Amino acid sequence: MPRTVVSSGKPKKAMGKRHPLNMRTTEELRDRMEDAARRSGRSLAAEVEVRMERSLDRQDYLIEHWGQDVFDIADSMAKALWHIEQFTGQRWVDDERTFELFSLTMLELARSYRDLVLRNARERPAGAFKDKSPTELAQMFASLGGINPPRPGTGKDRSMADARADQRASREAWSKTIERLGSRPIPAARIKERKP
């Protein structure tokens, strides 16, 4: 009878011989993992394996139930929201401008995903965020979220290169904004004192 491994309460057939996975982590994370391993009665390696497996199982579950399209858009929404909140200095649920920008960006992500799948080329803004309209900002944040339709006048081979160039230009401009604003989470004191 094959050996089984217990993960998230369900026995699974072993995949055979274990293979090493070398990684580095912070001392804090290692301490947390060692504590979790002690509580569960597993070795540190077994605890890491179980948690990684659970993480991948959750992703597989979401993809299975939502579909790859919805999963990709939701994942990009989370990434874009981080950038939006950094840009405005406010949480989307607390600030009307941030909410509106996030709403526009969600629509832009769906449109960009469809255009990417259908290979519908269209122009998108890139570069500095200053003096951009809310629609242009939404397009830029959708790009930072990771969904970029091809640009007009480019063949299939060039669209990915163009998308990467656009992302690079936006990220360079964005990194200057991050240097000025800091990074997430936005401290409550900064949210109250900073008005866009």
Side-chain angles (χ1 to χ4, degrees), residues 8 51-152 154 159-188 190-192 194-196:
S8 55
R51 286 173 177 254
M52 289 175 75
E53 206 170 74
R54 283 181 187 165
S55 175
L56 294 172
D57 287 347
R58 284 186 188 120
Q59 182 175 337
D60 292 345
Y61 174 85
L62 292 175
I63 291 170
E64 180 182 328
H65 286 81
W66 292 357
Q68 186 70 51
D69 294 348
V70 174
F71 178 83
D72 289 343
I73 293 168
D75 184 53
S76 293
M77 283 173 49
K79 293 173 187 172
L81 178 58
W82 182 88
H83 291 292
I84 293 166
E85 288 181 342
Q86 289 302 309
F87 179 73
T88 64
Q90 304 286 324
R91 292 184 56 226
W92 72 278
V93 294
D94 299 331
D95 178 65
E96 189 62 30
R97 177 177 176 237
T98 305
F99 170 75
E100 290 297 326
L101 191 51
F102 183 44
S103 298
L104 287 170
T105 301
M106 287 189 292
L107 292 172
E108 184 60 34
L109 283 164
R111 179 178 178 217
S112 292
Y113 192 91
R114 182 175 186 270
D115 286 346
L116 182 63
V117 170
L118 298 177
R119 311 293 299 162
N120 293 334
R122 64 184 165 100
E123 287 293 337
R124 299 173 318 280
F129 287 73
K130 188 177 180 188
D131 299 325
K132 295 283 196 269
S133 72
T135 301
E136 291 172 318
L137 286 172
Q139 292 172 345
M140 293 174 79
F141 285 121
S143 177
L144 287 169
I147 298 178
N148 297 289
R151 285 196 176 276
T154 58
S159 65
M160 289 305 288
D162 287 346
R164 286 188 193 105
D166 291 346
Q167 277 187 320
R168 196 170 27 258
S170 291
R171 283 195 175 114
E172 287 170 6
W174 183 244
S175 66
K176 292 176 184 171
T177 303
I178 290 291
E179 286 174 21
R180 184 171 51 84
L181 297 176
S183 63
R184 192 176 185 154
I186 302 169
R190 254 189 63 215
I191 289 174
K192 291 176 184 169
R194 185 174 184 274
K195 298 289 182 201

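Keep in mind the model is a prediction, meaning the values are calculated, not measured.
Within the model, atoms CG of N120 and OG of S112 stand 11.0 Å from one another, a figure rounded to the nearest 0.5 Å. To the nearest 0.5 Å, atom NE2 of residue H83 and atom CE of residue M140 are 11.5 Å apart. Taken to the nearest 0.5 Å, the CG atom of L81 stands 10.0 Å off from the CZ atom of F141. We find the OG1-CG distance between T135 and L104 to be 5.5 Å, quoted to the nearest 0.5 Å. In this structure, the separation between CG on L101 and CZ on F87 is 7.0 Å, given to the nearest 0.5 Å. Interatomic distance, T105 OG1 to I84 CD1, rounded to the nearest 0.5 Å: 3.5 Å.
Not counting sequence neighbours, Y113 has no partner by the ring pair (Phe, Tyr, Trp, His ring centres under 6.0 Å) test. When the side chain to side chain contact (heavy atoms under 4.5 Å, CB included) test is applied to M77, the partners found at least two apart in sequence or on another chain are I73, F102, M106, L109. Scanning for side chain to side chain donor-acceptor pair (under 3.5 Å) contacts around S133 gives E136, with sequence neighbours left out. Residues satisfying the salt bridge (charged side-chain N to carboxylate O under 4.0 Å, His left out) test with R122, not counting sequence neighbours, are E108, D115. Evaluation of the side chain to side chain donor-acceptor pair (under 3.5 Å) rule for R111 yields no partner, not counting sequence neighbours. With sequence neighbours excluded, no residue forms a salt bridge (charged side-chain N to carboxylate O under 4.0 Å, His left out) with E64. For the salt bridge (charged side-chain N to carboxylate O under 4.0 Å, His left out) test, residues two or more places apart in sequence or in another chain that qualify with D75 are K79. Residues forming a side chain to side chain donor-acceptor pair (under 3.5 Å) with E100 (at least two apart in sequence, or on another chain): none. For Q68, the side chain to side chain donor-acceptor pair (under 3.5 Å) criterion is met by D72, not counting sequence neighbours.
With a 4.5 Å cut-off on side-chain heavy atoms, E85 and T98 count as touching.
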